[in-house]
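Worksheet for the structure shown next.
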Amino acid sequence: KAGVTQTPRYLIKTRGQQVTLSCSPISGHRSVSWYQQTPGQGLQFLFEYFSETQRNKGNFPGRFSGRQFSNSRSEMNVSTLELGDSALYLCASSLEGTGWYEQYFGPGTRLTVT
Amino acid sequence: GDSVTQMEGPVTLSEEAFLTINCTYTATGYPSLFWYVQYPGEGLQLLLKATKADDKGSNKGFEATYRKETTSFHLEKGSVQVSDSAVYFCALTGGNQGGKLIFGQGTELSVKP
């Protein structure tokens, strides 16, 4: 079974631009979560989607948004990029969105904002 | 809110040494506890988990016991190998938080031959 895939793997953007990152979960998984990883703040939860609905949201500004499609693939968008948005963005999928199910992480998208 | 605190790194050990990475948590309710490992250039992999008090999670020689009385979940391994060099993250998820994982800051482990 294929793992979680994220595209692109690396991205360089300029301040003020917007960016869209994509995540394809493991087949059959309906929950997708996004995390931001930086050296200073560590791993921080962005949001979780389950069956196309946002179930949970972290403490990030409205510039960060996401969505999930009917095939469970998810995208996150960051508008008006700032230098501080440079990070590794990780996506994780799991079978269900309630209780606890093992989350499988993708390799991440490395975003650099210049 | 819920939080996780783990010992700062980097931790440098010789091969076959004993490893302990401390992790304590603050949470309301009854969280599930996890250790994840991140190898260079890769995403996170679940190493072990414990979903209730006194549970012991174990995998690949690593162990951790869910101690509710001390709110701890320390990671241990009796004999580390060079291949264990990675960053280790302690994490929790609360009862009704679905997929939201709260992570500690991570501890970098370097094992020398």
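The figures that follow rest on heavy atoms only: side chains count, while hydrogens, waters and symmetry mates do not. Throughout, a chain's letter reflects where its sequence line sits, starting with A, and its residues are numbered from 1.
- For A:R110, no part sits under 4.5 Å from any heavy atom of chain B, backbone or side chain.
- In the hydrophobic cluster analysis, where Ile, Leu, Val, Met, Phe, Trp and Tyr join through side-chain heavy atoms closer than 4.5 angstrom, A:F105 is grouped apart from A:W34.
- Residues A:L111 and A:V4 fall into different hydrophobic clusters, defined by Ile, Leu, Val, Met, Phe, Trp and Tyr side chains chained together at heavy-atom separations under 4.5 Å.
- For the atom pair CD of A:E102 and CD of B:Q45, the computed distance is 10.0 Å after rounding to the nearest 0.5 Å.
- Linking Ile, Leu, Val, Met, Phe, Trp and Tyr residues whenever their side-chain heavy atoms come within less than 4.5 Å leaves B:I102 and A:Y89 in two separate clusters.
- To the nearest 0.5 angstrom, A:S94 atom OG is 9.0 Å from B:L101 atom CG.
- Within the 4.5 angstrom heavy-atom criterion, no atom of A:L46 approaches chain B.
- Crowding of A:K57 atom NZ: a count of heavy atoms from other residues, nucleotides or ligands under 6.0 Å exceeding 12.
- Hydrophobic cluster membership is shared by A:F47 and A:V19, with clusters built from Ile, Leu, Val, Met, Phe, Trp and Tyr side chains linked at under 4.5 angstrom.
- Within the 4.5 angstrom heavy-atom criterion, only backbone atoms of B:E42 (N, CA, C, O) approach chain A.
- A 6.0 Å sphere centred on CZ of A:R63 holds more than 12 heavy atoms belonging to other residues, nucleotides or ligands.
- The hydrophobic clustering, which links ILVMFWY residues whose side-chain heavy atoms are closer than 4.5 Å, places A:L21 and A:V32 together.
- Pairing each heavy atom of A:Q41 with each of B:Q105, the nearest pair is O-OE1, 3.5 Å.
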Quiz prompt | Evaluation steps, side-chain contact (heavy atoms from CB on, under 4.5 Å), between A:L43 and B:Q38 | solution = CA-CA 12 Å; A:L43 280 154; B:Q38 186 175 34; 5.6 Å; no
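- Atoms CD and CZ, from A:Q37 and B:F103 in turn, are 8.5 Å apart once rounded to the nearest 0.5 Å.
- A:Y35 OH to B:L44 CG: the interatomic distance, rounded to the nearest 0.5 Å, is 9.5 Å.
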